[in-house]
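Everything on this sheet refers to the single structure shown next.
Note: hydrogens, waters and symmetry copies are ignored here, and every other heavy atom, side chains too, is used. The shown structure was predicted, so the numbers you read here are calculated from the model rather than taken from an experiment.
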Amino acid sequence: MRAIIDYLKNRNIHTPKLAIARFLLAFGLLLTLCNNDLDIIANHKYDKIKGYTIRHDQRRKFPLESFDLFMVMDPQNAKVVVMVFLVLVMTGFLPQITGILNLWACFSLHNYMTIYNGGDDLAFVMSALLLPICLTDPRINTWKQKNIGPSQRNIVANIAIIAIQLQAAILYYDAGYAKMFTWQWQEGTAVYYYTSHYRLGAPDWLKHINEMMTLTPMVKLFTWGVLAFEMVLVAAFFFPSKWKRKLIIPAIFFHFLIVINFGLITFFISILGLLLLYLDDDDYCLKIPGKIKSFLTAKK
């Protein structure tokens with residue numbers, strides 16, 4: 001037990017990687033606000049539609065209404081305030097304050113909206129899980145590297161990062177496990193059905209390319225490959241750092257394929273932030289600019 005406490009106390013996770021992850025999560029939510037009309041994604045008239053009634057009632061329950069910026073001021077003004085909060089988070093300054101503002105903004109938007117995607121959900125959950133890390137961050141600017149010696153604050157931050165990684169494993173487990181009970185995934189044809197869907201599927205130019213593979217027996221390989229990869233990402237929670245790091249590029253490519261087929265851009269941005277915190281224990285992402293610079297210099 002003493003060895004575990006010493007490990008948590010000495011392991012510093014307050015690095016610029018935290019700034020990158022927070023930037024991505026805030027940017028994804030900012031895009032949602034910039035590119036969607038509140039009258040559509042948060043229309044109170046949806047309470048007349050079955051399926052939205054319960055959510056509409058819940059978001060007005062005390063004390064939720066008291067903390068929801070959209071409930072205590074004009075929604076359009078609240079939208080501006082939330083956007084300002086998110087921009088402040090993206091700057092990386094004063095994480096002890098912007099961590100709270102980030103949670104407030106994410107909660108307000110999540111509680112007020114009746115229509116949102118997985119990226120918005122993820123941003124809200126992550127804003128809560130990141131709060132202990134932000135509150136224990138001694139830096140003024142999270143984009144700066146600072147050597148922090150052993151301290152109690154590292155114990156709190158490391159427990160929070162483990163909770164984030166566990167949340168990532170649960171997310172992929174839920175995604176993979178749910179698919180196993182759908183007949184399209186069981187028989188290996190789901191990738192064809194979803195990418196070829198007339199409304200939710202890939203754009204026409206990509207649909208024709210996809211069908212060169214999805215209309216062949218290879219479709220089973222792609223379909224079952226998705227399930228297998230999601231289960232690998234679940235198991236990654238138990239992998240050593242050097243193994244987890246090897247999954248970063250495949251995981252990003254996996255979600256990139258989802259983006260170009262289904263257009264879930266804000267979810268892609270949010271999941272990038274989560275993947276950095278989940279798979280990059282050694283802060284490898286911070287070394288990439290230097291490697292690129294060395295490569296370009298060597299070429300010359």
Side-chain angles (χ1 to χ4, degrees), residues 17 20-37 40-41 86 90 106 109-110 113 115-127 164 167-176 178-179 182 184-185 189-215 218-219 221-234 236 244-280 284-285 288:
K17 182 185 70 176
I20 299 174
R22 294 182 70 222
F23 178 93
L24 291 169
L25 290 162
F27 182 57
L29 201 56
L30 188 63
L31 284 182
T32 296
L33 277 173
C34 291
N35 294 282
N36 292 278
D37 191 336
I40 296 176
I41 62 176
L86 294 174
M90 292 164 62
C106 291
L109 195 57
H110 187 271
M113 289 195 303
I115 300 176
Y116 49 80
N117 64 33
D120 305 325
D121 264 345
L122 182 58
F124 172 49
V125 173
M126 290 294 291
S127 67
I164 289 173
Q167 174 63 56
I170 292 173
L171 185 153
Y172 284 110
Y173 174 79
D174 183 66
K179 293 182 178 70
T182 306
Q184 293 95 334
W185 289 96
T189 57
V191 169
Y192 166 74
Y193 283 114
Y194 287 117
T195 59
S196 299
H197 193 278
Y198 73 98
R199 186 174 61 184
L200 303 176
D204 290 339
W205 67 269
L206 182 57
K207 189 179 299 183
H208 297 314
I209 297 175
N210 288 340
E211 289 178 352
M212 295 174 62
M213 296 171 286
T214 58
L215 288 177
M218 289 182 64
V219 68
L221 178 64
F222 294 122
T223 301
W224 292 335
V226 169
L227 293 176
F229 187 65
E230 287 180 336
M231 290 299 106
V232 169
L233 289 175
V234 174
K244 290 171 68 174
R245 194 178 74 187
K246 295 181 185 299
L247 290 172
I248 296 177
I249 299 302
I252 293 175
F253 182 68
F254 171 72
H255 285 286
F256 174 73
L257 291 178
I258 295 175
V259 169
I260 62 174
N261 276 282
F262 305 109
L264 303 175
I265 297 175
T266 56
F267 178 73
F268 176 69
I269 294 172
S270 296
I271 205 71
L272 285 182
L274 178 61
L275 287 173
L276 287 181
L277 298 173
Y278 182 37
L279 300 176
D280 192 11
Y284 182 75
C285 64
I288 293 177

Next on the checklist: Is there a side chain to side chain contact (heavy atoms under 4.5 Å, CB included) between Ile248 and Leu275? Walk through the geometry before answering.
Outcome noted: CA-CA 7 Å; Ile248 296 177; Leu275 287 173; 5.7 Å; no
Next on the checklist: Please report the interatomic distance CG(Leu31) to CD1(Ile269), rounded to the nearest 0.5 Å.
Outcome noted: 4.5 Å
Checklist entry - For Asp280 and Cys285, which heavy atoms make the closest approach, and how far apart are they? => result OD2-N, 2.9 Å
Checklist entry - Heavy atoms, side chains only, cut-off 4.5 Å: are Leu86 and Phe27 in contact? => result no
Checklist entry - Does the pair Thr195 and Glu211 meet the rule for a side chain to side chain contact (heavy atoms under 4.5 Å, CB included), with working shown? => result CA-CA 9 Å; Thr195 59; Glu211 289 178 352; over 6 Å; no
Item to check | Considering all heavy atoms, the nearest Gly118-Phe267 contact | outcome: C-CD1, 3.6 Å
Checklist entry - Between atom CE of Met90 and atom CG of Leu25, what is the distance when rounded to the nearest 0.5 Å? => result 11.0 Å
Item to check | Nearest atoms (heavy-atom pairs only) where Gly28 meets Ser270 | outcome: CA-OG, 4.5 Å
Next on the checklist: Within the structure provided, determine whether Asn35 and Thr266 are in side-chain contact (heavy-atom separation under 4.5 Å).
Outcome noted: no
Checklist entry - At what distance, to the nearest 0.5 angstrom, does CZ of Phe124 lie from CG of Leu29? => result 11.0 Å
Checklist entry - Does CD1 in Ile252 sit with more than 12 non-hydrogen atoms of other residues, nucleotides or ligands closer than 6.0 Å? => result yes
Checklist outcome for this item: Shortest non-hydrogen pair, Ser196 vs Lys207, comes out as O-NZ, 3.7 Å
Checklist entry - Does a side-chain heavy-atom distance below 4.5 Å link Leu200 with Tyr194? => result no
Item to check | Considering all heavy atoms, the nearest Leu171-Leu274 contact | outcome: CD1-CD2, 4.2 Å
Checklist outcome for this item: For Trp185 and Trp224, the nearest pair of non-hydrogen atoms, with its separation, is O-NE1, 3.0 Å
Next on the checklist: Apply side chain to side chain contact (heavy atoms under 4.5 Å, CB included) to residues Phe254 and Val226 and explain how you reach the verdict.
Outcome noted: CA-CA 9 Å; Phe254 171 72; Val226 169; 4.0 Å; yes
Checklist entry - If you measure from CG on Leu277 to CZ on Arg22, what distance do you get to the nearest 0.5 Å? => result 11.0 Å
Checklist entry - Can you tell me how far OH of Tyr193 sits from OG1 of Thr214, rounded to the nearest 0.5 angstrom? => result 11.0 Å
Item to check | Evaluation steps, side chain to side chain contact (heavy atoms under 4.5 Å, CB included), between His110 and Asp120 | outcome: CA-CA 7 Å; His110 187 271; Asp120 305 325; 5.7 Å; no
Next on the checklist: Please report the interatomic distance CG(Asn210) to CH2(Trp205), rounded to the nearest 0.5 Å.
Outcome noted: 8.5 Å
Item to check | Short side-chain to backbone donor-acceptor contact, Lys244 and Tyr278, under 3.5 Å | outcome: yes
Checklist entry - Using the ring of each side chain (for Trp, its six-membered ring), is His255 parallel, tilted or perpendicular to Tyr172, with breaks at 30° and 60°? => result tilted
Checklist entry - Do the side chains of Leu264 and Phe268 get nearer than 4.5 Å, heavy atoms only? => result no
